[in-house]
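Following: one structure in structure tokens, then a few remarks.
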Amino acid sequence: MRERVFGIGSCHPKRILGLAMTMALVLPLPASAAELPPLRPHALNEGETRFALGGKLDPRAIREIAPDGVLHVLQSWRENGNAWGYHDLTVTVRDTEGRFSLVGSDPLPENAKDGLRDHLQDAPHTGEDAILSLAFATSADPARPGFYLVECQRMIDGPVPDPAPARLIYFKLVASDGTPGWTPLYFQFQRVVQLEGRFDSADEALKKAFPPGR
């Protein structure tokens, strides 16, 4: 399998084809979501990657939820013996009691009733025709700091290797307002962007979220 530049993806492989055959769902911005800043992607390691949250999240939230200011991302590979192996991604912070507290993510828009996702998964397929991919990113605008999750989904409408439409789904790391069922920190859905053209890999389509020079 080739090395993947922008990392991981979403959604369990057994649900992928059903989701991918669905027409792209383009939703309006939530009332609380501002225009997205330009984003700068971050590489992920096999195993653990750590991200410093200082300057990217409300300082009060960091003190109360993640006092060391570090986001931990654990990436592992789930071998499946065929083209449907995938990476599993767990995101945590160390809380005030020293426990590793899970950081959830809003679901993909069409699965809104499912509640937060505890894990993120990709669908690299053969590695050359990825169906689902994702990246973490930081705002490149100092006036609008933030830490983001960007997922890219190819909407398969034929054989998996054939070029297909693709969309970007944006989430922002925020502190929960205390609603039961939400993790103290979570990636809040921001918006969907339908990309122009067709793509033979979600990895390649994901690069559209990060224009050169960002």
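On a predicted model such as this, the values are computed, not experimentally measured, just so you know.
- Under the side chain to side chain contact (heavy atoms under 4.5 Å, CB included) criterion, Pro145 pairs with no residue, sequence neighbours left out.
- Rounded to the nearest 0.5 angstrom, Gln194 CD and Leu168 CG are separated by 9.0 Å.
- Take Glu48 and apply the side chain to side chain contact (heavy atoms under 4.5 Å, CB included) test, not counting sequence neighbours, and it matches Arg50, His72.
- Taking all atoms of both residues into account, the shortest heavy-atom contact from Ile156 to Ala164 is CA-CB, 4.1 Å.
- With hydrogens and angles left out, the side-chain atoms of Gln153 and Glu151 include no donor and acceptor closer than 3.5 Å.
- The salt bridge (Lys or Arg N to Asp or Glu O under 4.0 Å) search around Arg78 returns none, not counting sequence neighbours.
- By the 6.0 Å contact criterion, NZ on Lys56 is enclosed, its count of non-hydrogen atoms from other residues, nucleotides or ligands being greater than 12.
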Exercise for the section: Let me see the working for Phe187 and Lys172 under side-chain contact (heavy atoms from CB on, under 4.5 Å), right down to the final yes or no. Expected result: CA-CA 5 Å; Phe187 286 96; Lys172 184 179 182 181; over 6 Å; no

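- When only modelled atom types and interatomic distance are considered, Ser133 and Asp203 share a side-chain donor-acceptor pair under 3.5 Å.
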Practice task
Take Leu36 and Arg191 through the side-chain contact (heavy atoms from CB on, under 4.5 Å) test and state the conclusion after the steps.
Solution key: CA-CA 9 Å; Leu36 290 168; Arg191 68 182 302 178; 3.2 Å; yes

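- Judged by distance alone, the side chain of Arg154 and the main-chain N or O of Leu132 form no donor-acceptor pair under 3.5 Å.
- Here the closest heavy-atom approach between residue Ile169 and residue Pro109 is recorded as CG2-CD, 4.1 Å.
- With sequence neighbours excluded, no residue forms a side chain to side chain contact (heavy atoms under 4.5 Å, CB included) with Glu196.
- Note that CD of Gln190 is 11.0 Å distant from CD of Glu35, once rounded to the nearest 0.5 Å.
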In residues 100-108, what donor-acceptor pairs under 3.5 Å come from side-chain atoms, sequence neighbours left out?
residue, atom, partner, partner atom, Å
Ser105, OG, Arg117, NH2, 3.1
Asp106, OD2, Phe189, N, 2.8

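- A donor-acceptor pair under 3.5 Å is formed between the side chain of Asp177 and the backbone N or O of Thr179.
- Taking Ile65 as the reference, Ala61, Val93, Ala175, Pro184, Leu185 meet the side chain to side chain contact (heavy atoms under 4.5 Å, CB included) condition, with sequence neighbours excluded.
- With rounding to the nearest 0.5 angstrom, the CG atom of Leu173 is 5.5 Å from the CG atom of Leu57.
- The minimum heavy-atom distance between Trp84 and Asn82, with the atom names listed, is N-OD1, 2.8 Å.
- Remark: Asp141 pairs with Arg144 by the salt bridge (Lys or Arg N to Asp or Glu O under 4.0 Å) rule, at least two apart or across chains.
- Between atom CG of residue Asp118 and atom OG1 of residue Thr90 there is a gap of 8.5 Å, rounded to the nearest 0.5 Å.
- Interatomic distance, Gln75 CD to Thr49 OG1, rounded to the nearest 0.5 Å: 7.0 Å.
- Contact detail for Tyr170 and Leu39: the closest heavy-atom pair is CE2-CD1, 3.8 Å.
- Annotation: the span from Ile131 atom CD1 to Tyr86 atom OH amounts to 14.0 Å, rounded to 0.5 Å.
- Taking the salt bridge (Lys or Arg N to Asp or Glu O under 4.0 Å) definition, one finds that Asp95 meets it with Arg99, sequence neighbours left out.
- Among all heavy-atom pairs drawn from Trp77 and Gly85, the shortest one is CH2-C, 3.4 Å.
- When hydrophobic residues (I, L, V, M, F, W, Y) are linked wherever their side-chain heavy atoms come within less than 4.5 Å, Leu74 remains an isolated member.
- For Thr138, the side-chain hydrogen bond (donor to acceptor under 3.5 Å, both in side chains) partners two or more places apart in sequence, or in a different chain, are His42.
- Grouping Ile, Leu, Val, Met, Phe, Trp and Tyr residues whose side-chain heavy atoms lie under 4.5 Å apart, directly or via other members, places Tyr186 in a hydrophobic cluster with Leu116, Val174, Trp182.
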Practice task
Dump the intermediate steps for salt bridge (Lys or Arg N to Asp or Glu O under 4.0 Å) on Arg198 and Glu204, then the final yes or no.
Solution key: CA-CA 11 Å; Arg198 300 173 72 88; Glu204 292 302 313; over 6 Å; no

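- Between the Arg63 side chain and the Pro67 main chain, no donor and acceptor come within less than 3.5 Å of each other.
- Sorted by first then second residue, the ring-ring contact (aromatic ring centres under 6.0 Å, His included) pairs that include residues 137-166, not counting sequence neighbours, are Phe51-Phe147, Phe136-Phe147.
- Under a 3.5 Å cut-off, the side chain of Asp200 and the backbone N or O of Pro161 do not form any donor-acceptor pair.
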